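Remember, it's 1-based here, ligands and their atoms both numbered in the order they're listed. Predicted, not measured: the structure shown is a model, and the values here were computed from it. Note that these values count all heavy atoms, side chains included, but never hydrogens, waters or copies made by symmetry.
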Amino acid sequence: MAAILSRGLPDPERERFLADALAGLRQPSKTLPCKYFYDAEGSKLFDQICTLPEYYPTRTELGILRAHAAEMARCLGPELLLIEYGSGSSVKTRLLLDRLARPSAYVPVDISREHLFETALALRLDYPQLAVLPVCADFSAPFAPPRALRPALRRAVYFPGSTIGNFSEAGAVALMAGVARLVGPGGAFLVGVDLKKDPRVLERAYDDAAGVTAAFDRNLLARMNRELDADFDLRRFSHRAVWVPAASRIEMHLVSDVEQVVHLDGVEIHFARGESICTEHSHKYTRTGFARLARRAGLAVRRVWTDRAARFSVQYLEVPRRPRRAQ
Ligand code: AVI
């Protein structure tokens, strides 16, 4: 389908992808936005990553949720309008939904339409009392949540998976400021945040022995070949994951093994031997560092749950109510 569209019809999604890819690859330090990892093939590979022995975040976050979901639900309170960013298959959300008191509605927000509506249907069957109101949107841009039929006492955004780490610091502050506007004073934000740890553990998590993360990274090149008439030779790019202490992040790179020229929609892109494309930043936070970032967005951290080894955290934040002015 994408290949057909890419040859003829104007396709705004293809145009955006092409413009972003060209802009990134024309920079002196080449980059590509990590949001383009997640086509059907990339999403499948990401699901595999989540089950790898080296990739601790998914199972650690699930463990924290299993142990503390009841307490999280108490913090979120009754008659809640729960909005989830990047909902995917809503696996983690079910742990919360099972424990929330009379939620007014659940609004899963995801860019992948098919997956979103399939998940919404399954949730409606399993939670017949719950209004499930899917929104197909990019949650990093402003969007209007649908009105719930039953009025809510409060709004909360749920953002699991430590995807907040894939944003730059400025991007994370902007995203959280958007959350604060969406939920309003007294509203809540429940977020998965990956914590700083031994760089060897981190580098293994992003460069696993079975090569699944390498395949996930290279799929970005394959996707450009499929959708943007590019001719990347995947065998000539190596996957690297490096911990950059000054930025407190893992960076994923595709390194050109040879000097080469690649074409992208008729544009020539030159690669020197050893030159790389940075495909992803995954920031790892300390508890205080994340609290500071949240404060810049108008959010206050109220509770933090971690696993025993403090590898990962689920954090509950609120938008403080404005103090009443004296009469
Ligand atoms: C989606 N995101 C939180 C993942 C991460 O850990 O930064 C993406 C990922 N990249 C490689 N492995 C997983």
Between the side chains of K197 and Y56, does any donor sit under 3.5 Å from an acceptor?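 Present: a donor and an acceptor within the cut-off.
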
Quick test of your reading of the structure: of N166, T163, T279, whose heavy atom lies closest to atom 2 (N) of ligand 1?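 Looking at heavy atoms only, N166 sits closest to atom 2 (N) of ligand 1.
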
Just distances here: any N/O of K284 and N/O of ligand 1 closer than 3.5 Å?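 No, since none of the N or O atoms of K284 sits under 3.5 Å from an N or O of ligand 1.
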
Is there a polar contact between ligand 1 and Y38, counting only N or O atoms under 3.5 Å apart?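 Min N/O separation from ligand 1 is not below 3.5 Å for Y38.
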
Tell me whether the rings of F167 and F139 are parallel (<30°), tilted (30 to 60°) or perpendicular (>60°).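 Aromatic pair F167/F139 classed tilted.
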
Parallel, tilted or perpendicular, judged at 30° and 60°: which one describes the rings of H283 and Y285?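 H283 vs Y285 ring planes: parallel.
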
Who's the nearest protein heavy-atom neighbour of atom 9 (C) of ligand 1, and how far?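 Nearest protein contact, heavy atoms only, for atom 9 (C) of ligand 1 is E280 OE1, 3.5 Å.
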
Name the closest protein heavy atom to atom 7 (O) of ligand 1, giving the residue it belongs to and the distance to 0.1 Å.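 That would be S282 OG, 2.7 Å.
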
Tell me, please: is [X] in heavy-atom contact with ligand 1, that is, under 4.0 Å?
{"X": "G165", "answer": "no"}
{"X": "F216", "answer": "yes"}
{"X": "P57", "answer": "no"}

So does [X] pair up with [Y], basic N to acidic O under 4.0 Å?
{"X": "K30", "Y": "E275", "result": "yes"}
{"X": "R94", "Y": "D126", "result": "yes"}
{"X": "E259", "Y": "R273", "result": "no"}
{"X": "R302", "Y": "E318", "result": "yes"}

Does only the side chain of Y56 get under 4.0 Å from ligand 1, or the backbone, or both, or neither? Count heavy atoms.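 Contact part for Y56 vs ligand 1: neither.
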
What part of Y206 sits under 4.0 Å from ligand 1 if we count only heavy atoms: the side chain, the backbone, both or neither?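 Contact part for Y206 vs ligand 1: side chain (C-beta onward).
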
Report, in ascending order of atom number, the atoms of ligand 1 lying under 4.0 Å from any heavy atom of [X].
{"X": "G161", "result": "3 (C)"}
{"X": "S162", "result": "3 (C)"}
{"X": "Y55", "result": "4 (C), 5 (C), 6 (O), 12 (N), 13 (C)"}

Would you give the length of the straight line joining atom CD1 of I111 to atom CG of L116, rounded to the nearest 0.5 angstrom?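 Separation between the atoms: 10.0 Å.
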
Does the structure place the NZ or CZ of R16 under 6.0 Å from the centre of the six-membered ring of Y36, at an angle of no more than 45° from the ring's axis?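 Verdict for Y36: no cation-pi partner in R16.
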
